Amino acid sequence: MVDFNFSVNLIFGSEITAVRSDLIPDGYRGNLNHSLVQQQVGCILDVMGEASARAQGLKQQITSAARFRQTEGQTAYILIDREGNDGKGSVLGLLKVGHKKLFLMDHEGKANEMIPNCVLDFYVAESHQRSGLGKRLFQHMLAQENADPRYMAIDRPSIKFLSFLRKHYGLVNNIPQVNNYVIFAGFFKDRPVDCSPTPKKARIVMGKLQYV
Ligand code: ACO
């Protein structure tokens, strides 16, 4: 778990709280002034983003406060342990999602321009991994986003995350892509209207994306 020198409990009202680009936790009703809350939330995003990158062996972190502030349309779900850090609360996990415009190949190798909801960063503190917290965080995100994991695209999933998706959601067969995103069988089937593909305008010929 990750401890800070301020009270996490004072800024997050629930075990899992959503944060968007304004860095004010969803439903925040505390007395702290907003710029202090933003500074503390920013600190949490920086530290958790760095821990996630380290855990994934990445040179550059995917999540930082500065980039998160500049990007509209992303949500970071923060999981805390209210009892941790002598009652100040500890941070246990981070899950960042958001819509991205992508060209995604279907089973026939046709590229579809789409804007699916994507899993962008996911991390549970090492000391608490494999105890069901990742599932709890992920389930919360699915409910809040009204999302089905089958319709989400995953940015560079780690081996652990692929195993997680197989175990908890039965996602096994991925449809090969030419970018770093992974999607699974069923991604294109009966998609809800709000994230269905635009008319097909591109296809892969000899391994290259061509527009038609
Ligand atoms: N090795 C293999 N599979 C693992 C491991 C591991 N060390 N840890 C978790 N898993 C998978 C397994 O399927 C495991 O089930 P099992 O124990 O029966 O084998 C399952 O996850 C456990 O589920 P939870 O306990 O709910 O998951 P957890 O709390 O561990 O959270 C997470 C999963 C977020 C992937 C966590 O392991 C983690 O932070 N890993 C390091 C960072 C990482 O790889 N993040 C994903 C990057 S990809 C992206 O963000 C788009």
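Indexing begins at 1, ligand by ligand and atom by atom, following the structure's order. We number each residue from 1, following the sequence as shown. Quantities reported herein were computed from a predicted structural model and do not represent experimental measurements.
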Next item on the list: Identify which of Leu94, Leu95, Leu92, Asp155 has a heavy atom lying nearest to atom 51 (C) of ligand 1.
Entry: Asp155
Check: Can you tell which of Ala125, Gly57, Gly134 gets a heavy atom nearest to atom 29 (O) of ligand 1?
Finding: Gly134
Taking the side chain as everything from C-beta on, heavy atoms only, tell me whether [X] gets closer than 4.5 Å to [Y].
{"X": "Thr17", "Y": "Tyr28", "answer": "no"}
{"X": "Ser52", "Y": "Gln56", "answer": "yes"}
{"X": "Phe4", "Y": "Ile44", "answer": "yes"}
{"X": "Phe188", "Y": "Lys110", "answer": "no"}
{"X": "Phe6", "Y": "Lys88", "answer": "no"}
{"X": "Ile183", "Y": "Ile154", "answer": "no"}
{"X": "Val97", "Y": "Met152", "answer": "yes"}

Side chain, backbone, both or neither: the part of [X] lying under 4.0 Å from ligand 1 by heavy atom:
{"X": "Pro157", "result": "backbone"}
{"X": "Arg166", "result": "neither"}
{"X": "Ser52", "result": "neither"}
{"X": "His168", "result": "side chain"}

Would [X] count as being in polar contact with ligand 1, using the rule that some N or O on each side must be under 3.5 angstrom apart?
{"X": "Ala55", "answer": "no"}
{"X": "Phe122", "answer": "yes"}
{"X": "His128", "answer": "no"}
{"X": "Arg130", "answer": "yes"}

Run the numbers for me: atoms of ligand 1, each under 4.0 Å from some heavy atom of [X], listed by number.
{"X": "Lys135", "result": "26 (O)"}
{"X": "Arg156", "result": "48 (S)"}
{"X": "Tyr123", "result": "39 (O)"}
{"X": "Asp121", "result": "50 (O)"}
{"X": "Val119", "result": "51 (C)"}

Nearest-neighbour protein heavy atom for [atom], which is reported as residue plus atom name and distance:
{"atom": "atom 39 (O) of ligand 1", "value": "Val124 N, 2.9 Å"}
{"atom": "atom 10 (N) of ligand 1", "value": "Lys160 O, 3.9 Å"}
{"atom": "atom 33 (C) of ligand 1", "value": "Phe164 CD1, 3.8 Å"}
{"atom": "atom 13 (O) of ligand 1", "value": "Ser163 OG, 2.5 Å"}
{"atom": "atom 41 (C) of ligand 1", "value": "Gln129 NE2, 3.7 Å"}
{"atom": "atom 15 (O) of ligand 1", "value": "Lys167 CD, 3.1 Å"}
{"atom": "atom 43 (C) of ligand 1", "value": "Ser158 OG, 3.5 Å"}
{"atom": "atom 25 (O) of ligand 1", "value": "Gly132 N, 2.7 Å"}

Which atom pairs, one a donor and one an acceptor, fall under 3.5 Å between side chains of residues 157-176 and the rest of the protein, sequence neighbours left out?
{"unit_1": "Ser158", "atom_1": "OG", "unit_2": "Phe161", "atom_2": "N", "d": "3.2"}
{"unit_1": "Lys160", "atom_1": "NZ", "unit_2": "Gln129", "atom_2": "OE1", "d": "3.0"}
{"unit_1": "Tyr169", "atom_1": "OH", "unit_2": "Gln139", "atom_2": "OE1", "d": "2.6"}

Notebook entry, point to check: With respect to Tyr77, which candidate in Glu145, Gln144, Lys96 satisfies the side-chain hydrogen bond (donor to acceptor under 3.5 Å, both in side chains) definition?
Noted result: Glu145
Note to self: Does Asp26 form a side-chain contact (heavy atoms from CB on, under 4.5 Å) with Arg20? I'd like the steps, not just the answer.
What the structure shows: CA-CA 8 Å; Asp26 253 18; Arg20 299 190 180 77; 2.7 Å; yes
Next item on the list: Under the salt bridge (charged side-chain N to carboxylate O under 4.0 Å, His left out) rule, what do Arg136 and Glu15 come out as? Steps first, then yes or no, please.
Entry: CA-CA 10 Å; Arg136 200 185 305 172; Glu15 188 196 19; 2.3 Å; yes
Checklist line | Residues clustered with Ile62, ILVMFWY side-chain links under 4.5 angstrom | finding: Leu58
Next item on the list: Using the rule that two of Ile, Leu, Val, Met, Phe, Trp, Tyr join whenever any of their side-chain heavy atoms come within less than 4.5 Å, decide whether Val37 and Ile78 are in one cluster.
Entry: yes
Notebook entry, point to check: Where do Lys100 and Asp155 land on the salt bridge (charged side-chain N to carboxylate O under 4.0 Å, His left out) test, with the steps shown first?
Noted result: CA-CA 10 Å; Lys100 292 259 173 184; Asp155 190 8; over 6 Å; no
